[in-house]
Amino acid sequence: MKIAFWGGSHRCGTTSSMTAVASYLTLHSQKSGICVQPKEGGSDLELFFRPWEAHAMLHEESTYYALEGMDYLIWQEQHHRLDEAVIRETLVPLSGGRLCYLPSGAREKPGLYPAQTGALQRRILAQLEACADMVFMDLGTVKDGLTGSMMELADVVVVNLCGQQKELELFFAQPFAMRKNVVYLLSNYMDDQVYNRDNLQRIYRVDGHRICNLSSNVGFAHACMHGKVNRFIQRNGGAQNARRNAHFFEQLRHLSNLIMEVGGCE
């Protein structure tokens with residue numbers, strides 16, 4: 001199952017919502033997951049999943065030339081050597097290996113790749129899906145050919161919106177906005193927000209069942225800043241979660257269940 005997260009504008013919580021959902025689903029189900037960022041400069045996953053104290057203090061200049069992450073997988077696929085063993089050695093495990101993420105490479109720039117990079121990444125994603133039950137893809141905010149093809153391949157597309165008028169008007173003018181496998185997410189949601197779920201449903205004729213909120217939460221924001229998202233979900237996402245986080249996790253559970261429903265995995 002491939003789940004694509006795409007943002008209608010910058011800083012609308014695309015990566016944070018993806019890492020939260022991935023952590024929650026792998027914690028509360030029997031499914032395994034892999035998080036990837038098939039886009040230029042996709043280095044946010046390490047910032048969200050890896051605490052700063054675990055980062056290397058010194059970096060050798062030679063590491064620029066060492067292939068890592070998607071760089072390495074693309075190179076292996078080009079030479080017809082990509083298999084499950086290669087993928088496993090590239091992934092960074094979390095939660096005892098039930099959740100993994102693909103780290104960024106030092107060279108991740110489209111200009112360094114051949115013209116068929118998009119096709120290569122699509123083949124790589126297909127092999128990633130064979131290694132886990134769910135592949136979570138952070139597509140960023142740009143809508144280009146690669147992003148469009150990834151959305152077509154995805155079983156579920158989660159569109160992150162900030163709830164600003166211009167952002168909403170621009171988004172709902174796009175053809176793919178009304179696809180059947182789309183879930184709409186209002187990230188960093190505030191209770192007094194003007195463009196809330198009801199107004200989104202009334203103005204843009206969106207199926208209210210497909211709209212979710214994910215409220216602003218101080219603890220979660222702190223976890224995102226310090227590379228501890230997975231740890232935050234594990235410590236606070238159980239039945240005995242702290243009252244101050246109960247509303248956030250209620251919304252996260254609803255979002256996660258809806259994604260599974262839309263993807264045909266109820």
Side-chain angles (χ1 to χ4, degrees), residues 3-25 33 35-37 39 42 44-45 47-49 101 136-143 147 150-151 154 156-172 174 176-177 179 181-201 203-204 206-230 232-233 236-237 244-263:
I3 307 166
F5 285 73
W6 181 81
S9 62
H10 293 288
R11 300 186 179 278
C12 62
T14 308
T15 306
S16 62
S17 61
M18 185 190 78
T19 54
V21 169
S23 298
Y24 187 88
L25 281 175
C35 292
V36 297
Q37 289 183 310
K39 60 178 185 177
D44 294 340
L45 292 180
L47 299 177
F48 281 72
F49 278 138
Y101 72 89
F136 300 90
M137 304 181 294
D138 177 6
L139 302 181
T141 60
V142 177
K143 192 190 174 192
T147 301
M150 295 295 180
M151 287 184 177
V156 184
V157 177
V158 181
V159 176
N160 292 256
L161 301 167
C162 293
Q164 298 176 354
Q165 182 180 2
K166 290 184 178 180
E167 174 203 47
L168 294 171
E169 289 176 352
L170 181 62
F171 171 73
F172 284 103
Q174 304 299 318
F176 77 92
R179 287 177 54 188
N181 65 338
V182 171
V183 172
Y184 304 96
L185 176 61
L186 293 170
S187 303
N188 295 319
Y189 184 79
M190 306 296 289
D191 291 335
D192 59 350
Q193 190 167 306
V194 174
Y195 286 92
N196 52 32
R197 177 176 176 173
D198 292 338
N199 282 336
L200 212 63
Q201 184 177 358
I203 297 171
Y204 298 104
V206 179
D207 182 359
H209 179 63
R210 297 293 185 95
I211 306 173
C212 292
N213 304 329
L214 199 57
S215 297
S216 176
N217 181 278
V218 174
F220 180 61
H222 182 272
C224 290
M225 292 175 59
H226 293 83
K228 299 178 180 180
V229 169
N230 193 56
F232 175 81
I233 300 299
N236 299 282
R244 63 185 176 182
N245 294 319
H247 185 52
F248 174 83
F249 279 97
E250 179 183 348
Q251 294 177 330
L252 180 58
R253 180 172 61 253
H254 173 61
L255 170 62
S256 300
N257 290 340
L258 180 58
I259 288 173
M260 299 302 287
E261 175 188 333
V262 173

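Keep in mind that this is a model prediction, so the values were computed, not measured.
Atom CE in Met150 sits 12.0 Å away from atom CG in Asp138 (nearest 0.5 Å). Rounding to the nearest 0.5 Å places OG1 of Thr15 at 9.0 Å from CG of Leu47. One distance of note links OG of Ser187 with CD of Gln251; it measures 10.5 Å at 0.5 Å rounding. Put simply, CD on Glu261 and CD1 on Ile259 are 11.0 Å apart, with the number rounded to the nearest 0.5 Å. One distance of note links CD of Glu250 with CZ of Arg253; it measures 6.0 Å at 0.5 Å rounding. Rounding to the nearest 0.5 Å gives a distance of 9.5 Å between CG of Leu170 and OG of Ser9.
With a 4.5 Å cut-off on side-chain heavy atoms, Leu186 and Tyr195 do not count as touching. The closest side-chain heavy-atom distance from Ile3 to Val21 is not below 4.5 Å. Between Ser23 and Phe49, some side-chain heavy-atom pair lies under the 4.5 Å cut-off. Contact annotation: the side chain of Leu45 approaches that of Met18 to within less than 4.5 Å [non-hydrogen atoms, C-beta and beyond].
The minimum heavy-atom distance linking Arg197 with Asn213 is given by the pair CB-OD1, 4.4 Å. Here the shortest heavy-atom pairing between Glu167 and Cys12 reads OE2-CB, 4.4 Å. Nearest heavy-atom pair, Val183 versus Val156, reported as atom, atom and distance to 0.1 Å: CG2-CG1, 4.1 Å. Nearest heavy-atom pair across Thr14 and Gly7 is OG1-CA, 3.3 Å. What you find for Leu214 and Ser17 is that their closest heavy atoms are CD2-CB, 4.2 Å. Closest non-hydrogen pair, Leu255 versus Cys212, comes out as CA-SG, 3.8 Å.
Ring pair Tyr184/Phe171 is perpendicular by interplanar angle, where above 60° counts as perpendicular and below 30° as parallel. Taking the six-membered ring for Trp and thresholds of 30 and 60 degrees, Phe5 and Phe136 have ring planes inclined between 30 and 60 degrees apart.
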Could you list the donor-acceptor pairs under 3.5 angstrom formed between side-chain atoms of residues 216-224 and any protein atom two or more places apart in sequence or on another chain?
| unit_1 | atom_1 | unit_2 | atom_2 | d |
| --- | --- | --- | --- | --- |
| Asn217 | OD1 | Gly219 | N | 3.0 |
| Asn217 | OD1 | Phe220 | N | 2.8 |
| Asn217 | ND2 | Asn245 | OD1 | 3.0 |

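Partners of His254 under the ring pair (Phe, Tyr, Trp, His ring centres under 6.0 Å) rule, at least two apart in sequence or in another chain, do not exist in this structure. Listed by chain and residue number, nothing satisfies the ring pair (Phe, Tyr, Trp, His ring centres under 6.0 Å) test with Phe48 (two or more places apart in sequence, or in another chain).
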Quiz prompt | Test log, rule side chain to side chain contact (heavy atoms under 4.5 Å, CB included), inputs Gln165 and Val194 | solution = CA-CA 9 Å; Gln165 182 180 2; Val194 174; over 6 Å; no

Quiz item: Please walk me through it: do Ile233 and Leu252 pass side chain to side chain contact (heavy atoms under 4.5 Å, CB included)?
Solution: CA-CA 10 Å; Ile233 300 299; Leu252 180 58; 3.8 Å; yes

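Looking at Thr147, its side chain does come within 3.5 Å of a backbone N or O of Val142 through a donor-acceptor pair. In this structure, Asn188 contributes its side chain and Gly13 its backbone to no donor-acceptor pair below 3.5 Å.
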